Colleague: 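Before I ask anything, let me first share the structure, which is written out below as structure tokens.
We name chains A, B, ... by the order of the sequence lines, and we start the count at 1 in each one. Any value given below was found using the heavy atoms of this structure, including those in side chains, with hydrogens, waters and symmetry copies removed. Quantities reported herein were computed from a predicted structural model and do not represent experimental measurements.
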Amino acid sequence: MAYQAPRGTYDRLPDESKKWEFIVQTFKRIVEGYGYGELVTPIIEDTELFVRSSGETSDVVSKEMYTFFDRSERSLTLKPEGTAGVVRSFIQHKIGAQGGVHRFWYMTPIFRYDRPQKGRCRQGHQVGLELMGTDSIYSDAEVISITSDFYKALGIKDLTIQMNSIGCLQTRKTYCEALLEHLQSYLISLDDHLQQKIKKNPLRLFDSKDQVVQDKLSTAPSILDFLSVESLSRFKKLEKILSKQGIPFCINSSLVRGLDYYNETVFEVVANNIGAQSSLCGGGRYDSLVKELGGPATPSCGVAMGIERALMVIPDFSEHLDWLDVYFVAATKSAEDTVVELCRKHRDKGVKCNFDLDFKSIKHQMKQADKMGAKEVVIIGDDELEKNIVTIKNMKTGEQRTLLMDEFLSLEMKE
RNA sequence: GCGGGUGUAGCUCAGUGGUUAGAGCACCUCACUGUGGAUGAGGGGGCCGUGGGUUCAACUCCCAUCAUCCGCCCCA
């Protein structure tokens with residue numbers, strides 16, 4: 001094999017693209033229903049932007065970024081996530097200068113230099129949204145409600161949204177101390193990797209799949225008990241709002257997120273049977289990020305959904321792939337010109353149609369029609385030409401009828 | 001970055017240190033000279049991932065490499 005797609009990347013072929021399109025269109029329809037507008041940012045940004053937003057100690061920044069110098073020695077990085085670019089754009093265009101609430105959605109490739117595995121490519125894709133300019137608890141609820149709408153519309157049943165509050169900076173600081181104290185007697189027995197992790201951010205321990213760690217953490221204090229009065233009451237209110245809207249969720253007090261900019265509400269949707277990379281999406285509040293990156297104080301929240309992961313869980317609908325409405329069949333050589341002409345006319349009317357470019361046997365042409373999922377086949381042969389009619393076959397029922405050519409041409413496409 | 005599995009036809013996979021490497025599905029042709037999904041018959045398809053080594057002989061054994069899958073890690 002001469003060339004192949006680089007490690008961790010893949011070609012998306014037409015059948016897959018149909019499903020892909022379905023996911024993106026569904027997302028778009030839902031967010032536009034909430035008044036979100038698309039914000040497209042470049043695929044590359046200054047490296048510094050990601051370092052400052054995701055956090056220098058995060059794994060994403062410390063070892064997974066596609067960073068390079070351009071010909072002018074600028075350090076650039078292929079986006080490893082979607083939020084930073086949106087925030088940068090928000091600040092650059094002074095969108096928040098007059099205050100107010102702003103809603104954006106995006107679809108973007110993301111790049112992480114990581115060992116490929118099921119559900120994890122080096123070039124992945126996300127759709128996501130950012131709701132910026134308010135700390136209203138209803139904004140948390142809106143983002144979660146969109147997330148719920150989205151997966152429901154994709155036909156995914158039994159999804160559960162896991163939710164947690166990691167409070168404010170002070171809460172996390174106090175909590176980490178308590179966590180360390182709880183683990184103290186046992187810290188020395190941990191391996192280097194976990195030691196490092198604890199030093200950098202003890203909260204990340206919750207992500208570990210190590211059974212011993214998990215056991216120890218199961219008796220640890222819950223971060224929810226450390227929340228300030230305000231944080232706790234807004235989290236309670238969020239629960240109430242979601243319950244009222246019938247959105248299923250569960251509280252998972254060990255849910256932490258990998259990027260440093262999150263605070264207060266964080267959430268995730270997890271699938272059960274797609275392997276180790278089981279998060280379908282992740283999101284939460286990031287109230288200080290805009291300010292940290294040099295913009296006006298702009299409390300915000302958002303969510304990002306992995307498209308590849310959604311692909312793994314949506315129901316299979318390869319059965320009803322219909323590429324065409326009509327397939328034209330030339331039964332005899334003399335009908336070929338007519339077929340080409342009719343096809344042209346139907347395309348002008350917006351009908352999805354085609355014909356066999358090689359004009360092989362009728363059987364072959366019928367087979368092609370079947371394969372393309374054509375709803376109807378229009379057959380033209382000597383008989384039809386002579387009587388100035390067309391034969392129309394419904395491919396689903398197998399029924400056949402004839403129409404005068406003029407009638408056929410004046411037909412409007414039904415449905 | 002670490003551990004393990006797998007690379008054979010377009011796809012899913014059998015296979016053996018020894019002539020010419022198989023099956024199912026798919027594809028093409030025919031039975032059916034104007035009709036798809038069904039059946040039957042025939043046919044085309046392979047540097048057995050790549051490079052090296054062991055051997056009289058390697059698709060098979062060994063090493064390396066690339067890719068992929070499953071974990072760890074991390075996350076979408």
Colleague: Which residues pass the side-chain contact (heavy atoms from CB on, under 4.5 Å) test with Glu16(A), sequence neighbours left out?
Modeller: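 Residues passing side-chain contact (heavy atoms from CB on, under 4.5 Å) with Glu16(A): Arg12(A), Leu311(A).
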Colleague: Closest approach to the side chain of Lys367(A), judged atom by atom: which nucleotide of rG36(B), rU29(B), rA76(B) is it?
Modeller: rG36(B)
Colleague: Just by distance, with hydrogens left out, do Ser279(A) and Glu268(A) show a side-chain donor and acceptor under 3.5 Å apart?
Modeller: yes
Colleague: On a whole-Å scale, what distance lies between the P atoms belonging to rU12(B) and rG49(B)?
Modeller: 14 Å
Colleague: Would you mind telling me which of rG1(B), rU35(B), rC28(B) lies closest to the side-chain atoms of Ile362(A)?
Modeller: rU35(B)
Colleague: What residues form a ring pair (Phe, Tyr, Trp, His ring centres under 6.0 Å) with Tyr113(A), not counting sequence neighbours?
Modeller: Tyr66(A)
Colleague: Distance-only check: which donor-acceptor pairs under 3.5 Å involve side-chain atoms of residues 280-287 of chain A, not counting sequence neighbours?
Modeller:
{"residue": "Arg285(A)", "atom": "NE", "partner": "Asp287(A)", "partner atom": "OD1", "Å": "3.0"}
{"residue": "Arg285(A)", "atom": "NE", "partner": "Asp287(A)", "partner atom": "OD2", "Å": "3.2"}
{"residue": "Arg285(A)", "atom": "NH1", "partner": "Ser139(A)", "partner atom": "OG", "Å": "3.0"}
{"residue": "Arg285(A)", "atom": "NH1", "partner": "Asp140(A)", "partner atom": "OD1", "Å": "2.6"}
{"residue": "Arg285(A)", "atom": "NH2", "partner": "Thr134(A)", "partner atom": "O", "Å": "2.9"}
{"residue": "Arg285(A)", "atom": "NH2", "partner": "Asp287(A)", "partner atom": "OD1", "Å": "2.8"}
{"residue": "Tyr286(A)", "atom": "OH", "partner": "Glu130(A)", "partner atom": "OE1", "Å": "2.5"}
{"residue": "Asp287(A)", "atom": "OD1", "partner": "Ser300(A)", "partner atom": "N", "Å": "3.2"}
{"residue": "Asp287(A)", "atom": "OD2", "partner": "Asn263(A)", "partner atom": "ND2", "Å": "3.1"}

Colleague: Kindly give the atom pairs (protein nitrogen or oxygen, nucleotide nitrogen or oxygen) under 3.5 Å for nucleotides 68-73 of chain B.
Modeller:
{"residue": "rU68(B)", "atom": "OP1", "partner": "Gly8(A)", "partner atom": "N", "Å": "3.3"}
{"residue": "rU68(B)", "atom": "OP2", "partner": "Arg7(A)", "partner atom": "NH1", "Å": "3.3"}
{"residue": "rC70(B)", "atom": "OP2", "partner": "Lys118(A)", "partner atom": "N", "Å": "2.5"}
{"residue": "rG71(B)", "atom": "OP1", "partner": "Ala276(A)", "partner atom": "N", "Å": "3.3"}
{"residue": "rC72(B)", "atom": "OP1", "partner": "Lys209(A)", "partner atom": "NZ", "Å": "3.4"}
{"residue": "rC72(B)", "atom": "OP2", "partner": "Lys209(A)", "partner atom": "NZ", "Å": "3.4"}
{"residue": "rC72(B)", "atom": "N4", "partner": "Arg120(A)", "partner atom": "NH2", "Å": "3.3"}
{"residue": "rC73(B)", "atom": "OP1", "partner": "Lys209(A)", "partner atom": "N", "Å": "3.0"}
{"residue": "rC73(B)", "atom": "O3'", "partner": "His193(A)", "partner atom": "NE2", "Å": "3.2"}
{"residue": "rC73(B)", "atom": "N3", "partner": "Arg120(A)", "partner atom": "NH1", "Å": "2.9"}
{"residue": "rC73(B)", "atom": "N4", "partner": "Arg120(A)", "partner atom": "NH1", "Å": "3.1"}
{"residue": "rC73(B)", "atom": "N4", "partner": "Gln277(A)", "partner atom": "NE2", "Å": "2.8"}

Colleague: Side-chain donor or acceptor of Lys393(A) under 3.5 Å from a matching atom on the base of rG36(B)?
Modeller: yes
Colleague: Any side-chain donor paired with an acceptor under 3.5 Å for Thr41(A) and Ser89(A)?
Modeller: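 No donor-acceptor contact under 3.5 Å links the two side chains.
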Colleague: Using atom P of each nucleotide, how far apart are rU33(B) and rA23(B) to the nearest Å?
Modeller: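 rU33(B) and rA23(B) have their P atoms separated by 29 Å.
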Colleague: Please say whether more than 12 non-hydrogen atoms of neighbouring residues, nucleotides or ligands are located less than 6.0 Å from CG in Asn394(A).
Modeller: yes
Colleague: Would you measure the distance from the P atom in rU19(B) across to the matching atom in rU29(B) and give it in whole Å?
Modeller: 35 Å
Colleague: Mind checking ring pair (Phe, Tyr, Trp, His ring centres under 6.0 Å) for Phe90(A) and listing every partner two or more places apart, or none if nothing turns up?
Modeller: His102(A)
Colleague: Is any NZ, NE, NH1 or NH2 atom of the basic residue among Asp356(A) and Lys360(A) found under 4.0 Å from an Asp or Glu carboxylate oxygen of the other?
Modeller: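 Result for this pair is no, no salt bridge flagged.
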Colleague: Can you find a donor-acceptor pair, distance only, under 3.5 Å between Gln365(A) side chain and rU35(B) base?
Modeller: no
Colleague: Checking Phe50(A) now: which residues fulfil ring pair (Phe, Tyr, Trp, His ring centres under 6.0 Å) with it, not counting sequence neighbours?
Modeller: none
Colleague: Name all residues meeting the ring pair (Phe, Tyr, Trp, His ring centres under 6.0 Å) criterion together with Phe355(A); count only those two or more places apart in sequence or in a different chain, and write none if there are none.
Modeller: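 Phe355(A) satisfies ring pair (Phe, Tyr, Trp, His ring centres under 6.0 Å) with Phe359(A) once adjacent residues are dropped.
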Colleague: Regarding Gln25(A) and Arg29(A), is there a side-chain donor-to-acceptor distance under 3.5 Å anywhere?
Modeller: no
Colleague: Using the C1' atom in both, what is the distance from rC2(B) to rG18(B), to the nearest Å?
Modeller: 41 Å
Colleague: Pairing of RNA chain B as dot-bracket, 5' to 3': ( ) intra-strand, [ ] crossing, | other strand, . unpaired, with Watson-Crick or G-U pairs under 3.5 Å?
Modeller: (((((((..((((....[...)))).(((((.......))))).....(((((..]....))))))))))))....
Colleague: rA76(B), rG36(B), rC28(B): which one has an atom nearest the side-chain heavy atoms of Ser279(A)?
Modeller: rA76(B)
Colleague: What's the closest nucleotide to the side chain of Cys281(A) if the choices are rG34(B), rA76(B), rG36(B)?
Modeller: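 Of rG34(B), rA76(B), rG36(B), rA76(B) is nearest to the side chain of Cys281(A).
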Colleague: Taking only residues two or more places apart in sequence or in another chain, which ones pass side-chain contact (heavy atoms from CB on, under 4.5 Å) with Ile362(A)?
Modeller: Val329(A), Ala331(A), Met366(A)
Colleague: Using atom P of each nucleotide, how far apart are rA26(B) and rC11(B) to the nearest Å?
Modeller: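 Here rA26(B) and rC11(B) have their P atoms 15 Å from each other.
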Colleague: Enumerate the protein-to-nucleotides 42-46 of chain B contacts in which both atoms are nitrogen or oxygen and the separation is below 3.5 Å.
Modeller:
none

Colleague: When you measure only distances, ignoring hydrogens and angles, does the side chain of Arg204(A) come within 3.5 Å of the base of rC75(B) through a donor and an acceptor?
Modeller: no
Colleague: Is it true that the side chains of Lys79(A) and Thr108(A) contain a donor and an acceptor less than 3.5 Å apart?
Modeller: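 Note: Lys79(A) and Thr108(A) side chains meet the donor-acceptor criterion.
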Colleague: Taking the same atom, P, in rG51(B) and in rG37(B), what whole-Å distance lies between them?
Modeller: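 Approximately 42 Å lies between the P atom of rG51(B) and that of rG37(B).
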Colleague: Is the cationic atom of Lys18(A) (NZ for Lys, CZ for Arg) positioned less than 6.0 Å from the six-membered ring centroid of Trp323(A) and within 45 degrees of its normal?
Modeller: yes
Colleague: What interatomic distance, in whole Å, is found between C1' of rG17(B) and the corresponding atom of rA31(B)?
Modeller: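 45 Å, rounded to whole Å.
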Colleague: Where along residues 380-389 of chain A does a heavy atom fall under 4.0 Å from RNA chain B?
Modeller: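 Heavy-atom contacts with RNA chain B come from Gly381(A), Asp382(A), Asp383(A), Glu384(A).
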Colleague: Determine the interatomic distance between P on rC47(B) and the same-named atom on rU55(B); round to the nearest Å.
Modeller: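 Nearest-Å result for rC47(B) against rU55(B) at atom P: 29 Å.
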Colleague: Enumerate, atom names and distances included, each donor-acceptor pair closer than 3.5 Å involving a side-chain atom of residues 383-393 of chain A, sequence neighbours excluded.
Modeller:
{"residue": "Glu384(A)", "atom": "OE1", "partner": "Gly381(A)", "partner atom": "N", "Å": "2.9"}
{"residue": "Glu384(A)", "atom": "OE2", "partner": "Thr391(A)", "partner atom": "OG1", "Å": "2.5"}

